[in-house]
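Every heavy atom of this structure was used, including side-chain atoms; hydrogens, water molecules and symmetry mates were not. The sequence lines fix the lettering, A, B, ..., with proteins before strands; numbering per chain opens at 1.
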Number of protein chains: 2
Amino acid sequence: MQLRRDRAWDLDPESPIGPQLHRILRERIVRNDLISGSKISEPEVAKYYSISRQPVREAFIKLSEEGLISIRPQRSTVIKKIDSEAVLQARFVREAIEADIVKLLATRSDPVLVRELRAQLAEQERVAAGNPAQFIRLDERFHRTLAEASDNAGAWKFVEGLKSQMDRVRFLSLSFFPMPKLIAQHKAVVDCIETGDLAQAESAIRLHLKEILTDLPEIQAVNPEFFSQVSE
Amino acid sequence: MQLRRDRAWDLDPESPIGPQLHRILRERIVRNDLISGSKISEPEVAKYYSISRQPVREAFIKLSEEGLISIRPQRSTVIKKIDSEAVLQARFVREAIEADIVKLLATRSDPVLVRELRAQLAEQERVAAGNPAQFIRLDERFHRTLAEASDNAGAWKFVEGLKSQMDRVRFLSLSFFPMPKLIAQHKAVVDCIETGDLAQAESAIRLHLKEILTDLPEIQAVNPEFFSQVSE
DNA sequence: GAAGATTGACTTGTATGGAAGTATGGAGCA
DNA sequence: TGCTCCATACTTCCATACAAGTCAATCTTC
């Protein structure tokens, strides 16, 4: 498969290799740098990164649990195509979690948090025009900030896992996705947190997280080769 | 450590050993069969089950991700004590997910599902008197049925991971936990699903999942040695 | 007797070799 | 030409060996 054409994905031989490799491979899969549907094998990756097969195997197992690859013993391991059903389920769970998080934040209405969020909003608007990839980073930071501010840092670990499924879709269509709209939705959430309006805050974040529902069919129609759906 | 005194926890050499061992060890930890705070090592477990270190290692990694053990490289691996903070966070996330699931089910109000749930309620009442451990199984089945009926089978995978933290607390005090009350709460949820009352359904499941909040302090006070809290 | 250095028995992380199963391509035959 | 069989090259899974770090007890030294 097309493992070559790497860039700065280097790993530090001083710290445990397995987890490092897991992050690297996940990133490459989510960004569609590693093409979905293609095969990938332990010795191949091991040789490429000049490490043994054991850490590779451990990374593979984690990727498999996230639903990004499919390990078929004695057959092969393939990078799964995007399963739109899995994306929808991840989105459902994520909406449920973040809705409760935002409700919690609205009951508190912490001024320090609001100021931090507004600073992030400004930064989002600054990069909104030109850099979609960078915006995705800022978006992740925004949602992580919400989770951690609710004293549920543990909750973010789950949301993070759910995001990888959704992010695969996003990276498919970096060009057309409506950053100004998303920023406005972020702003609505912050406003409701500030005013302490629970119901409005909840519906604002739920609306925001439903955005992908409208985009998904389009993106899937444009890039059918990246989705499993009926085929296979 | 006290790995001996096993019972029927045997593994099938025909199917992959790593995942099997993971389930077995998780079960033993959750049931406090393996004492929290004690050390556990790869070669020890490998020798006991007459397998190599490799599958054991894979099981350990998974347990570590669930927050049940703590792997300290070159030092040792210990079975984590119950972190009441982690329990609370798991509970929070679980409530959020299941609340949305039940809301979804109430909008549909599927008679077939309701009949299935009522059958489970009857079974719960049948064993309620004598067998707390069996009740926990039925309780898990009840909640899993809800998740799967919402066409979000994927969501259950997450709830399952969250449950392990909460179940550790439950197994600490099998004697005093109010099965009739819990069954009544289950029944309230089913009733609301049947009548299609979204708001009532949501508050019913949320109330049900808040039950552990009242029990946790008591249980922790009675069994302080199983909790981390202040000490380390 | 007390404090410090050292050796040895642990721990987990990584590397490598063998075993069992599967897919594939070519040879042989009808 | 088309089908069957078989050998070979893959794959993942498990076992074993080595490497590097940590901890504790013991021995030495003051």
Side-chain angles (χ1 to χ4, degrees), chain A residues 1-4 9-25 29 34-80 232, chain B residues 1-4 9-25 29 34-80 232:
Chain A
M1 53 135 268
Q2 40 20 300
L3 198 52
R4 325 303 147 180
W9 315 101
D10 277 344
L11 34 83
D12 170 24
E14 298 304 318
S15 32
I17 297 177
Q20 284 187 78
L21 187 62
H22 168 234
R23 278 194 299 274
I24 290 175
L25 291 179
I29 293 174
L34 298 180
I35 298 173
S36 62
S38 59
K39 290 200 294 187
I40 184 174
S41 81
E42 290 176 4
E44 176 189 26
V45 177
K47 188 176 179 183
Y48 178 69
Y49 285 100
S50 302
I51 55 180
S52 76
R53 286 170 7 228
Q54 211 49 52
V56 179
R57 174 172 173 74
E58 290 166 11
F60 273 24
I61 291 176
K62 290 182 185 176
L63 292 173
S64 167
E65 288 172 352
E66 292 179 82
L68 293 179
I69 68 176
S70 171
I71 301 177
R72 300 177 302 172
Q74 275 69 37
R75 287 174 144 79
S76 69
T77 298
V78 300
I79 300 173
K80 287 176 83 169
E232 197 217 12
Chain B
M1 52 134 270
Q2 39 22 297
L3 198 52
R4 325 302 149 181
W9 315 102
D10 277 344
L11 36 83
D12 170 23
E14 297 304 318
S15 33
I17 296 177
Q20 283 187 78
L21 188 62
H22 169 234
R23 278 195 300 274
I24 291 175
L25 291 179
I29 293 174
L34 297 181
I35 298 172
S36 63
S38 60
K39 289 200 293 186
I40 183 174
S41 82
E42 291 177 3
E44 176 189 29
V45 177
K47 188 176 180 183
Y48 177 69
Y49 286 100
S50 302
I51 55 179
S52 78
R53 271 185 50 209
Q54 216 47 55
V56 178
R57 175 171 173 76
E58 290 164 14
F60 273 26
I61 291 176
K62 291 183 186 177
L63 292 172
S64 167
E65 288 172 353
E66 291 178 83
L68 292 179
I69 69 176
S70 172
I71 301 178
R72 301 177 302 172
Q74 275 68 38
R75 291 174 140 79
S76 68
T77 298
V78 301
I79 301 173
K80 288 176 82 169
E232 200 218 9

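- For the pair Lys39(A) NZ and dC10(D) P, the interatomic distance rounds to 10 Å; values are reported in whole Å.
- Once rounded to the nearest 0.5 Å, the distance linking CD1 of Ile79(A) with CG of Leu68(A) reads 9.5 Å.
- Considering CD1 of Ile61(A) and CD1 of Ile61(B), their distance stands at 7.0 Å, rounded to 0.5 Å.
- The CD-C1' distance, from Glu44(A) to dA9(D), rounds to 15 Å in whole Å.
- Distance CD (Glu14(B)) to P (dC13(D)): 15 Å, rounded to an integer number of Å.
- Taking CD from Glu58(B) and CD from Gln54(A), the interatomic distance works out to 6.5 Å, rounded to the nearest 0.5 Å.
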### Task
Classify every nucleotide of nucleotides 12-22 of chain C by which part a protein heavy atom approaches to under 4.0 Å, writing B for the base, S for the sugar-phosphate alone and - for neither, in 5'-to-3' order.
BBBBBBB-BBS
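- Here CD of Glu42(A) is found 7.0 Å from CD1 of Ile71(A). Values are rounded to the nearest 0.5 Å.
- Side-chain N or O atoms of Glu44(B) include one that pairs as donor or acceptor with a backbone N or O of Ser41(B) at under 3.5 Å.
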